[in-house]
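Each chain gets a letter, A, B and so on, in the order the sequences are listed, and its residues count up from 1.
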Amino acid sequence: AHADSTVTLYGLIDVNVTRYMAGSKSGADDNWMVNDGVVNGLNGSRWGIKTIEDLGGGLKANVVAEAGLNADTGTLGQGGLAFGRQVYVGLSDAKLGEIRVGRQYILEDSVMWQSDPFGNALSLNPGTAVTNKGKSLPFWLNAPRANNIVQYRTPDFSGFSMQFQIAPGEGTADRFHGIGGVYQAGAVYAGVSYEWNKPRNGGDDKSNESLTIAANYNFGPVKLLGGVQRNRNLTTTSGNGAFTGTNLTVATDTSFVAHDTDNYTVGFEAPVGNWTFGGNYSNVKYKNDGGSVSATLGKAGLGVRYGFSKMTFLYASASMSTGDLKDYISQERTVQLGLRKAF
Amino acid sequence: AHADSTVTLYGLIDVNVTRYMAGSKSGADDNWMVNDGVVNGLNGSRWGIKTIEDLGGGLKANVVAEAGLNADTGTLGQGGLAFGRQVYVGLSDAKLGEIRVGRQYILEDSVMWQSDPFGNALSLNPGTAVTNKGKSLPFWLNAPRANNIVQYRTPDFSGFSMQFQIAPGEGTADRFHGIGGVYQAGAVYAGVSYEWNKPRNGGDDKSNESLTIAANYNFGPVKLLGGVQRNRNLTTTSGNGAFTGTNLTVATDTSFVAHDTDNYTVGFEAPVGNWTFGGNYSNVKYKNDGGSVSATLGKAGLGVRYGFSKMTFLYASASMSTGDLKDYISQERTVQLGLRKAF
Amino acid sequence: AHADSTVTLYGLIDVNVTRYMAGSKSGADDNWMVNDGVVNGLNGSRWGIKTIEDLGGGLKANVVAEAGLNADTGTLGQGGLAFGRQVYVGLSDAKLGEIRVGRQYILEDSVMWQSDPFGNALSLNPGTAVTNKGKSLPFWLNAPRANNIVQYRTPDFSGFSMQFQIAPGEGTADRFHGIGGVYQAGAVYAGVSYEWNKPRNGGDDKSNESLTIAANYNFGPVKLLGGVQRNRNLTTTSGNGAFTGTNLTVATDTSFVAHDTDNYTVGFEAPVGNWTFGGNYSNVKYKNDGGSVSATLGKAGLGVRYGFSKMTFLYASASMSTGDLKDYISQERTVQLGLRKAF
């Protein structure tokens, strides 16, 4: 182990106080909670180590090891993983692109991040699961990372780039595949990702097919953002890229198992001095296998962020639910106030 | 994540070798053990990250993320928490005081720290639980930290300051409240804390009421220290601020459940060159609900610390027990030798 | 906690892609896997903190806290320990030698490290367990570390040094003892270690006696390496220094329990510019209690390492098995390609 002067220790702590107002048929009480930022804060608390080594001739090697943590309780994030956010080693060439191997973000996450104000944050985050009659139910895809990923990223060609991921699947996990494309230049961003699972040992049955498209345009005084996501053949058991920590049973007075979802989100972001205001509306339509039964859940959110510096923000947000499921979820309405400091 | 040049990586490793001589009716054998400093060493081993950012105009933001670890076995401390010692984000104003949110020390810990030599350390530490016929039994309150705390700390007014804590309680944990006051100036310290639980969802039943008072005076050649603690309505189930990892059954030839305890400690600390000597006597009286049955346990300890530098200490201590329970505990007498280095 | 400018944050990430070809009677399938370097990579991924403080007059204090991690999945190594690789505090004197206390490498590991090319690495590592009809079976001793160790290391006397270790054993773990001697000067290395367990509370029954001898000589263009290991009275239950995570049942068409093993390895290492080539052959003979039944397993390996810098390596290796057990193990043949970057 050689010491490298370019190693960076970084992270952030984000904690908020949130009031949850439960839907009348949710079976839950209204509650105050102190939450880590990973639950609808500006960012999930984390610490990490990163380094980039210039090997000459356009070649670079890099390492990222990033742990999520819950600052409200001192526990590890991502279900207790030591470096649950990401940990990989990469080798990049200015002309040939980059290879990364390890636990990594799947492509959907960075695309969806561009579809909503503040970037998958506050109670405006379409990726946050809801509690539907006591059980966690996904909203947009909430499986931001996967294990054992080998990724190839092309260089940037005049704003265009592509990304490819594969994880062989180990133990009971399915094989995971992802492909993404991004155009980003000046005021415009447009991105798409497509990801799917296949059984590790043969068979053609695709599961957890997820197509995500996002775009935003920065007019200066205001940035408009939007996206759609189409999920098909959902399971919670295939490992990589599947919904985790949730179930797929959609419960109103009756219930059914979600097999597919169709999602959209539209929003805006507007900076005013040290303040940034944002708002959005996101919607998910859950459908059973065959599509004969469906139910909708929507969420409208407003948020504001005050920057003391580039590292330190105070934030607040509020959200309210709409659609068939709104009375059945514990987070029908929320208000929160939080503090986030990076280092 | 932005790199901040002021981020500090800090910690310490403290390991000791201890000989335990068991009470004749404790059911335990005498034993040699290699222990982390968290078990009666100078300090519990730890590593952490901290940073303070000056935001101008007397405003500062700060972050602490501190993990406890057991250097004898490589495990995490505090029952396996990743950042079990403390992890919070704070915002302070020179005139208005400071807000901190996250997992934090409860107020009792810092008050008690001033009541005994070396600061809750060595076998002189009144906060260390004992093993009473095979079961862990609390001595002084040993719940130094709690989750989900929102804390307000006043500025220092000519040596006076106050602290207020509340944790809403989450899941099955009770709501936690704490209030503290400290006077510290020159050679004198005096502090008091009062902390209690209330049921999260209604009801007025207080539990785990803990009043701690400590004082010390530094005469120069010697510092005298003392404190009392009064615990009422003890439970082990209310979460924040309750005894953890212990039970409340006090076992001699018969046994009863402790509902209240009355505790005191007196001691001295004397520096001689690079050496510091200290001794104290601590006593706990356990009482059942109503006070009809009681039992006492006392501990006399002597310790010495040799400072190679401000970072590195060699230490030794010995203790012996007194009172009704002394023959029934595994740590009736102890001797230890340890090494502690900070970084 | 005082900040020390000399604290070093260090580590490495090593991930590889490996193809396993299973023996015909192993009951396993051929598989692709993405593995952390700890599974036959160049090194196990890790992060750590270390510091040395010069106390003057030849006296130094040091701390090492080193965590193993699996970069393929983000989990902790060593069965989930926070600082599973090593964590100790030490005090050394130029003339008197060094004392270290904490979780440490046992002596066998550093001796064996000198017996094979690349140092217990790649698919050439004799310390890697195999999967024998679905169960993990040890090859060479794979218990590189133990808890609660008090170690004394002599200074270097013209290339000679000795090491002594004892761990008192705690809970159900046996008492652990180790003694080692090393001669290292110029082109030659020769080392020996002997380690054994005894019951914590009395009795003379030795278990897990392990004698390891290694030597190598660097001719310049090529380094020759070799070693033998003799293990007696094997158990998996005595704690420190015993085989961990494995069982001792050797399964072919019949099966028996290994009580003793006799092991040897021979190999070479040859640097050519930025490339290093290496190859070896290792063999284990498993014997039941009394020696009436035995079975052999051998492994031949070839590896190559390309150094982009002192920190960053690309590597590849292949191995094939020989002996009575070769058809019964999941790793009968392997090929791998990996990337490792230190910081």
Approximate separation, where rounding is to 0.5 Å, of [X] [atom1] and [Y] [atom2]:
X: K50(B); Y: F343(A); atom1: NZ; atom2: CZ; result: 13.0 Å
X: L55(B); Y: M311(A); atom1: CG; atom2: CE; result: 10.5 Å
X: N148(B); Y: M33(A); atom1: CG; atom2: CE; result: 7.0 Å
X: E170(B); Y: N35(A); atom1: CD; atom2: CG; result: 6.0 Å
X: R103(B); Y: D72(A); atom1: CZ; atom2: CG; result: 10.5 Å
X: I49(B); Y: L9(A); atom1: CD1; atom2: CG; result: 4.5 Å

Legend entry - Those residues of residues 172-182 of chain B, ordered by number, that approach chain A below 4.5 Å (heavy atom to heavy atom):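 So far as heavy atoms go, nothing in residues 172-182 of chain B approaches chain A to under 4.5 Å.
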Legend entry - Contact residues of residues 81-94 of chain B (partner chain A; heavy-atom separation under 4.5 angstrom):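 Within residues 81-94 of chain B, the residues that come under 4.5 Å of chain A (heavy atoms only) are L81(B), A82(B), F83(B), G84(B), V87(B), Y88(B), V89(B), G90(B), L91(B).
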Legend entry - NZ (K198(B)) with more than 12 external heavy atoms under 6.0 Å: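 Correct, the count exceeds 12.
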Legend entry - Heavy-atom closest pair, residues N62(B) and K341(A):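 Looks like N-CD, 3.9 Å.
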Inset, instruction - Spell out the residues in residues 18-30 of chain A that have some non-hydrogen atom less than 4.5 Å away from a non-hydrogen atom of chain B, in order of number; otherwise answer 'none'. - result: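 Contacts with chain B: none.
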Inset, instruction - List in chain and number order the residues that pass ring pair (Phe, Tyr, Trp, His ring centres under 6.0 Å) with Y105(A), two or more places apart in sequence or in another chain; answer none if no residue qualifies. - result: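 Ring pair (Phe, Tyr, Trp, His ring centres under 6.0 Å) check on Y105(A) returns nothing, list empty.
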Legend entry - Most chain A-contacting option - heavy-atom pairs closer than 4.5 Å, from A65(B), A61(B), A167(B), G80(B):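 It is A61(B).
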Legend entry - Contact origin within L339(A) toward chain B - heavy atom pairs under 4.5 Å: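 Both backbone and side chain of L339(A) come within 4.5 Å of chain B.
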Inset, instruction - Examine whether an atom of I99(B) lies under 4.5 Å from a heavy atom of chain A, and if so say whether it belongs to the side chain, the backbone or both; otherwise answer neither. - result: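 Contact with chain A is absent: no heavy atom of I99(B) under 4.5 Å.
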